[in-house]
Every structure is written in structure tokens, then in C-alpha cells.
Amino acid sequence: MSIDKYYITTPIYYVNDVPHIGHSYTTIVADTLARYFRIKLGKENVFFLTGTDEHGDKVAQSAEAKNLSPQEFCDEISAEYKEAWSLLNISNDYFIRTTDKDHEKRVKEIFTKLKNAKTPKGNDVIYQDEYEGLYCTGCEKFLTERDLEDGMCPDHQKEPEIVKEKNWFFRLSDYIKDLEAKILSGEFEILPESRKNETLGLIKQGVGDFSISRESVKWGIELPFDSEQKSYVWVDALSNYITALGYPDDLDNFNKWWPADLHLMAQDILKFHAFYWPAILMALGLELPKREFIHGFFTIDGKKMSKSVGNVISPAELVTRYGTDATRYLLLAQFSFGLESDIKVELFDEKYNADLANGLGNLVARVSNLIEKNFSGKTELKEINIKTNISENIEKYKFNEALKEINKLVAESNQLIDKEKVWELVKSEEKKAYDVLSELASNLLFIAKHLKPFMPETADKIEKIFKAGKIEKPKEALFQRI
RNA sequence: CGCGGGGUAGAGCAGUUGGCAGCUCGGCAGGCCCAUAACCUGCAGGUCGCCGGUUCGAGUCCGGCCCCCGCAACCA
């Protein structure tokens with residue numbers, strides 16, 4: 001398979017929550033892949049999208065609680081995401097917000113298309129039906145069984161009423177067989193394998209139609225053909241992946257990037273991306289994304305992450321303690337991407353010191369110092385090519401394995417210094433010392449090259465040090481020990 | 001019988017298509033002194049949750065059992 005462009009997305013994050021380590025993880029992975037493919041395919045052939053999902057009841061309520069209009073509230077939280085991504089040096093090409101006027105306009109056009117579309121079986125894609133649910137007049141919204149305590153609304157201490165409201169539904173059932181076939185054939189890839197199996201299992205259990213509008217929701221996009229109804233999350237949020245490209249009015253740009261090469265997400269939204277989204281695309285007559293990769297949730301010190309427990313880690317905390325590049329490194333190096341993982345907070349310090357301060361940072365200091373002191377900062381750089389599986393591992397989403405290989409290169413350079421006793425060699429055999437140091441500097445450039453997608457600033461620093469006319473030991477350690 | 005993940009050295013984790021069990025930290029003993037008290041070498045430590053099966057050979061495949069955890073609820 002030859003790839004000539006790469007379109008990668010993160011989910012759009014719901015503004016009801018501020019950015020935490022989970023959002024950061026997904027976004028750092030996306031950024032690393034985007035940077036990797038920019039090097040491989042050229043900057044102009046990669047499009048990396050992230051953004052925020054801003055409609056819905058919960059947002060309206062949170063806004064009210066803070067005495068803000070929904071839009072003001074969204075502006076505030078959305079800005080927090082942008083700031084977090086800037087702290088983490090995220091290189092997204094675009095940041096979409098579902099309250100963008102462009103997006104809202106395009107979503108309406110998509111609704112119109114869906115309204116006019118027929119399923120392969122000749123049925124209307126969307127139809128009106130009654131949604132029956134438990135409605136709390138206090139909350140002014142539908143509750144689920146799980147929301148209730150002893151059959152009562154926990155906030156208003158009264159029993160919800162059974163209320164029916166008319167909603168528009170999407171006829172997913174007419175697409176599910178087709179979808180199953182595409183998943184089985186690999187035309188639509190769901191990774192890892194276990195998530196694909198989970199998806200196929202869900203299909204076996206039966207997947208019903210889903211509702212795409214709400215009468216009771218006020219903060220949302222109005223349906224173009226029914227002014228009583230607002231869009232309910234799915235069509236609005238999922239379609240960000242194509243409205244961001246200009247669909248349906250800027251088809252030139254859209255066709256350049258679509259279909260997406262990779263949608264990244266965590267397990268919570270698997271169902272929507274495995275069923276709803278592809279079905280919507282089929283109804284619009286568009287190609288499905290090539291691949292979706294679903295990763296697991298984090299627990300923190302064995303406990304699930306939750307606001308009420310108060311163990312939520314923010315990206316800013318990590319960046320303050322470790323710096324941008326080290327935060328990126330620690331998140332990617334410590335976990336097998338895809339699996340559910342437990343974050344052990346003390347291990348961040350341990351890994352930071354072992355790999356970055358004692359490992360890479362110290363090596364850069366050793367080599368640059370030896371060159372500066374003994375050869376007036378002069379050396380002979382060679383383009384070297386060590387055979388590694390770093391690229392293969394990145395393309396297989398094995399970021400921890402790729403970084404492990406880089407660490408091995410660091411260790412080998414440290415071993416070489418000791419084996420050759422370079423600090424003695426510079427006194428006894430100047431020529432040989434020069435050659436060994438040239439090799440070491442070249443190794444570091446090789447390491448920097450492969451580190452670029454993971455730690456862009458560090459890679460630049462290393463290149464700057466060793467490509468300088470006069471190599472000098474950096475005044476400030478690359479990674480200060482903690 | 002809701003869905004899913006996991007149980008591998010003291011701790012935390014890797015283990016691609018089955019082929020002599022690896023990594024990091026920690027422990028112990030050396031070396032080195034160029035470097036961020038960093039680096040290098042060696043040693044100790046594992047019945048790979050339990051039972052059974054397939055195989056010349058299983059942590060790895062199959063079946064059963066035990067234990068832990070996540071999702072389904074603010075949340076990637």
C-alpha cells in the first residue's frame with residue numbers, strides 16, 4: 001500500500017471537561033504520527049485535525065452554573081484545550097469547534113442530504129419516531145435508569161415522568177450488514193484486533209437505529225427541516241471530520257484529504273465511530289475512513305480517574321514538572337499503546353531520570369564536552385545508517401518499542417565511550433579519539449533524527465549542538481535530574 | 001451466562017508468526033572518573049495465576065477453573 005497523503009484526527013473533546021492526561025495522551029499520539037508522516041511524506045501531505053465538541057445539555061448547564069452564556073463558556077474551555085495543546089507542542093493543522101459558523105452551516109447541509117437520502121433498501125435514511133424516556137421536569141431533561149437513586153432524580157428528589165417526544169432517527173439497521181462486511185474484509189479497519197472483535201460482537205448482539213435529534217435540547221444546531229428539533233450529538237460531532245475539510249461546499253479540499261487515514265480515539269466512543277459514523281458516511285455516499293485505532297483508558301495508581309476522587313492529572317502539571325518533550329516521552333514510552341494502562345505516578349520520575357537525564361541528556365553532555373575540550377569543538381560528521389525497526393514500530397503504533405530502540409542506541413554509545421576509554425585516548429591516540437568522537441556525534445545525530453516525532457525540541461537541540469561549527473557542551477542540561 | 005483487559009524476578013512492565021525467559025528501577029560486588037553523584041562490567045532473584053490438551057517443543061495455540069481491574073455513570 002502506498003500512502004501519498006496522511007489525514008489523521010483525534011476526537012473532538014467535549015468542553016464539559018477540561019483537558020486532562022487522557023485527552024493529552026490521544027493528542028500526543030496523533031501529533032507524533034503527524035510529525036512522523038510529515039517527515040516521510042512531506043509537510044504538505046499531512047493534515048492533522050483536533051478540536052472541541054461544544055453542543056448539548058451538559059454544556060448549557062455547566063455554563064449556567066458559571067453564570068455564562070453557553071457560547072462564552074465554550075469559548076473559555078475551548079481556549080483551555082488550545083492552550084494545553086500549545087504547552088505540549090501539538091502541531092495540529094486545524095482546530096475545529098462545533099460552534100464554528102462554517103461547521104454549523106455544513107452540518108445543516110449534511111442534515112438536508114440525509115433527509116433526502118435513501119438506504120440501499122430504498123427506505124428513508126432518517127425518519128420520525130417517538131422517543132420514550134424518563135423525564136425530570138426539575139432538570140428539564142431525560143434521565144436514564146442509572147441516573148436515578150431509588151427511582152428518584154437525585155437532584156430534585158422526585159420521580160421522573162415517562163414522557164414521549166418525537167425525534168428523528170437514523171436507519172442504522174439498513175447499513176449494518178454492509179458495514180459488517182467492510183469490517184470483515186478489512187476495507188474498514190478497526191484496530192487493535194481486540195476492538196475489531198468487540199465491534200463484530202456488538203453487531204451480533206444487535207445494533208438498533210439511533211436518534212439524531214432532540215426537542216428538549218436547546219444548545220445545539222437546529223434541523224433545517226424541523227425547527228422544533230436540535231441536532232443530538234452524533235451527526236453534529238462526528239461530521240467534524242469532514243466539515244473541517246470543507247464538505248460539502250469545498251470539494252476540492254475535501255477530496256484531497258478524504259478518506260481519513262486514521263481516526264484515533266479511546267474506547268468510550270468506539271460504538272459511535274464503528275457504527276454511527278460509517279453509516280452516516282454511507283448515507284452521504286462517501287468513502288469510509290481507512291482505519292480507526294482505539295486505545296484504552298488510564299487508571300491512576302490502580303484507581304479509575306475521576307473528578308470526584310480528585311486524581312485527575314492535568315497536562316500543565318506534567319509540563320511544569322518535566323517539560324514539554326519529557327511529558328510527551330513519558331506518556332508514549334511507558335505504555336503499550338492500545339491497552340488499558342495504569343499510571344504509577346512515582347514511575348514518571350524514575351523513568352525521567354533513567355532514560356532522559358542519566359541516559360540521553362548525560363550522553364549529549366559527555367560527548368559534546370569531550371569534543372569541546374580536546375578538539376576545540378571540531379569533529380567529522382558522517383551520515384550513518386544503523387538498521388533499526390524504529391519506523392516500523394511507529395507505523396505499527398508500538399511507540400514504546402520504538403523508544404526502547406532509541407534508548408538502546410543511547411546505551412550503545414555510552415558503552416563505546418567506556419570501551420574505548422575516550423578520555424584516555426585523547427591523550428594517547430589523538431587520531432583514534434577523533435574518530436571515535438566523530439562516530440559518537442554521528443550516532444547522536446541519528447538518534448536526534450529518529451527522536452523528532454516524539455521530542456521535536458530535544459531533537460533540534462541535539463542537532464544544533466553537533467552541527468555547530470564549534471561544538472560546545474550545552475550550558476544547561478537537556479534534562480535536569482529530578 | 002452484558003462487553004472488554006490483565007495475572008511473567010522484590011516493584012513496575014515487554015514479550016512480533018510457538019524454538020535456550022527480556023527491559024527499567026531496586027539489591028549485591030567490582031570498574032571508571034570524560035559526563036547531569038551520571039557511565040560501564042558482573043552477580044543474585046522467575047514452577048511465566050491454577051489444571052488439562054495439541055506439539056519434537058507453549059508465556060505464546062485450545063479447553064476449563066481461580067483472582068484482579070476497566071467499560072456500560074463526570075471522563076480519552
Side-chain angles (χ1 to χ4, degrees), chain A residues 10-14 16-30 58 62 143-148 154 192 194-195 197-199 201-202 204-205 264-271 294-299 302-309 312 333-336 338-344 346-347 349-351 353-374 389 392-393 396 398 400-401 404 407-408 410-427 433 437 440 473-474 476-482:
Chain A
T10 72
I12 47 174
Y13 304 113
Y14 199 41
N16 199 41
D17 193 17
V18 294
H20 58 59
I21 196 166
H23 307 109
S24 307
Y25 185 57
T26 315
T27 309
I28 290 169
V29 167
K58 282 176 191 155
S62 300
L143 304 175
T144 66
E145 299 275 355
R146 291 171 200 287
D147 292 328
L148 306 181
S194 56
R195 296 296 177 187
N197 293 338
E198 186 178 347
T199 304
L202 287 170
K204 281 210 184 72
Q205 288 174 53
L264 276 175
M265 73 204 73
Q267 57 199 16
D268 57 334
I269 47 178
L270 165 67
K271 214 169 103 184
I294 295 89
H295 70 264
F297 273 168
F298 283 128
T299 51
K303 291 202 193 68
K304 66 178 301 183
M305 198 165 88
S306 89
K307 286 182 197 165
S308 40
V309 176
V312 178
Q334 279 197 110
F335 312 103
S336 288
L339 303 183
E340 293 180 354
S341 313
D342 186 40
I343 292 175
K344 308 265 189 309
E346 338 76 77
L347 255 45
D349 279 6
E350 187 182 309
K351 188 99 178 144
N353 280 333
D355 297 351
L356 298 179
N358 299 349
L360 181 63
N362 184 47
L363 177 66
V364 168
R366 288 178 95 178
V367 175
S368 58
N369 185 58
L370 283 164
I371 296 174
E372 180 185 358
K373 296 281 156 61
N374 298 290
N389 292 317
E392 287 80 349
N393 278 324
K396 286 196 248 168
K398 297 185 168 188
N400 56 341
E401 298 289 330
K404 207 182 267 179
N407 285 332
K408 203 175 141 217
V410 171
E412 282 165 1
S413 282
N414 268 323
Q415 284 157 16
L416 182 64
I417 296 177
D418 279 59
K419 185 180 141 233
E420 298 289 353
K421 293 196 177 21
V422 178
W423 58 93
E424 281 181 16
L425 224 49
V426 293
K427 291 168 193 148
L437 283 169
L440 287 163
K473 182 180 154 191
E476 227 174 83
L478 249 51
F479 301 99
Q480 200 65 245
R481 276 179 62 84
I482 292 178

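The sequence lines fix the lettering, A, B, ..., with proteins before strands; numbering per chain opens at 1.
- In this structure, Leu270(A) atom CG and rG2(B) atom C1' are separated by 15 Å, rounded to whole Å.
- When the C1' atom of rU24(B) is taken as reference, atom NZ of Lys351(A) falls 6 Å away, rounded to whole Å.
- Considering CD1 of Ile482(A) and CG of Asp349(A), their distance stands at 5.0 Å, rounded to 0.5 Å.
- When the C1' atom is compared between rG57(B) and rG53(B), the two are found 15 Å apart, to the nearest whole Å.
- Counting only heavy atoms from C-beta on, Ala357(A) has its side chain closest to rU36(B) among rU36(B), rA76(B), rC40(B).
- Nucleotides rG46(B) and rG10(B) have their P atoms positioned 7 Å apart, rounded to a whole Å.
- Within the 4.5 Å cutoff, the side chain of Asn414(A) has heavy atoms near those of the Arg366(A) side chain.
- Within 4.0 Å (heavy atoms only), Leu370(A) reaches at least one base atom of the nucleic acid.
- Base engagement by Asn362(A) is indicated by at least one non-hydrogen atom pair under 4.0 Å involving a base atom.
- Going from atom CD1 of Ile417(A) over to atom P of rC39(B) covers 12 Å, rounded to whole Å.
- Straight-line distance between the C1' atoms of rC39(B) and rC34(B): roughly 9 Å, to the nearest whole Å.
- Rounded to whole Å, the distance from CH2 on Trp423(A) to P on rA38(B) is 17 Å.
- Between rU36(B) and Lys473(A), a contact under 4.0 Å exists linking OP1 or OP2 to a side-chain N or O.
- Dashed line: the shortest gap from a side-chain N or O of Gln415(A) to OP1 or OP2 of rU41(B) is under 4.0 Å.
- Put simply, the side chain of His295(A) gets close to the backbone of Met265(A): a donor and an acceptor are under 3.5 Å apart.
- Where Asp355(A) and Ala365(A) meet RNA chain B, the nucleotide closest to each residue was compared, and Asp355(A) sits on the side nearer the 5' end.
- The CG-C1' distance, from Asn369(A) to rC32(B), rounds to 16 Å in whole Å.
- An OP1 or OP2 oxygen of rU36(B) is reached within less than 4.0 angstrom by no side-chain nitrogen or oxygen of Asn358(A).
- How far CG of Asn362(A) is from CG of Leu356(A): 12.0 Å, rounded to the nearest 0.5 Å.
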Legend entry - Strand RNA chain B as a dot-bracket string - pairs counted if Watson-Crick or G-U with both distances under 3.5 Å, | where the partner lies in another strand: .((((((..((((.....[..)))).(((((.......))))).....(((((..]....))))))))))).....
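- The nearest whole Å value for the distance from the CG atom in Asn16(A) to the P atom in rA73(B) is 15 Å.
- Regarding Lys398(A), its NZ atom lies at a distance of 15 Å from the C1' atom of rC23(B), rounded to whole Å.
- For the pair Lys421(A) and rC34(B), the criterion of a side-chain N or O lying under 4.0 Å from OP1 or OP2 is not met.
- When each of rA38(B), rU24(B), rA35(B) is scored by its nearest atom to the side-chain atoms of Arg481(A), the top-ranked nucleotide is rA38(B).
- Between Val367(A) and Ser413(A), the closest side-chain pair of non-hydrogen atoms is not below 4.5 Å.
- For the P atoms, the distance linking rA21(B) with rG49(B) amounts to 15 Å, nearest Å.
- In this structure the side chain of Ile417(A) reaches within 4.5 angstrom of the side chain of Trp423(A), judged on heavy atoms.
- Nearest-nucleotide positions on RNA chain B for Gln480(A) and Asn353(A) put Gln480(A) closer to the 5' end.
- The side chain of Arg195(A) sits closest to rG4(B) out of rG4(B), rA76(B), rC34(B).
- Side-chain contact between Leu437(A) and Leu440(A) is present, with heavy atoms from C-beta onward closer than 4.5 Å.
- Out of rC34(B), rG15(B), rU36(B), the shortest distance to the side chain of Ala477(A) is found at rU36(B).
- With P as the reference atom, rC51(B) and rG15(B) are 25 Å apart, rounded to whole Å.
- Straight-line distance from the CG atom of Leu416(A) to the P atom of rA35(B): 17 Å, rounded to whole Å.
- Annotation: rC32(B) and rG42(B) have their C1' atoms spaced 15 Å apart (nearest Å).
- Nucleotides rG18(B) and rC62(B), compared at atom C1', are 13 Å apart to the nearest Å.
- The distance from atom CG of Asp17(A) to atom NZ of Lys58(A), rounded to the nearest 0.5 Å, is 10.5 Å.
- Counting heavy atoms from C-beta on, the side chains of Lys404(A) and Asn393(A) never come closer than 4.5 Å.
- The residue Leu478(A) sits close to a base: some heavy atom pair falls under 4.0 Å.
- Annotation: rG45(B) and rC69(B) have their P atoms spaced 32 Å apart (nearest Å).
- You'll find that the side chain of His20(A) is closest to rC75(B), out of rC40(B), rA35(B), rC75(B).
- Among the atoms of the strands shown, base atoms are found under 4.0 Å from some heavy atom of Phe479(A).
- The side chain of Glu350(A) has rU24(B) as its nearest neighbour among rA76(B), rA14(B), rU24(B).
- Among the atoms of the strands shown, none is found under 4.0 Å from any heavy atom of Lys373(A).
- Considering every non-hydrogen atom in both Glu420(A) and Leu425(A), the closest pair reads O-CD2, 3.6 Å.
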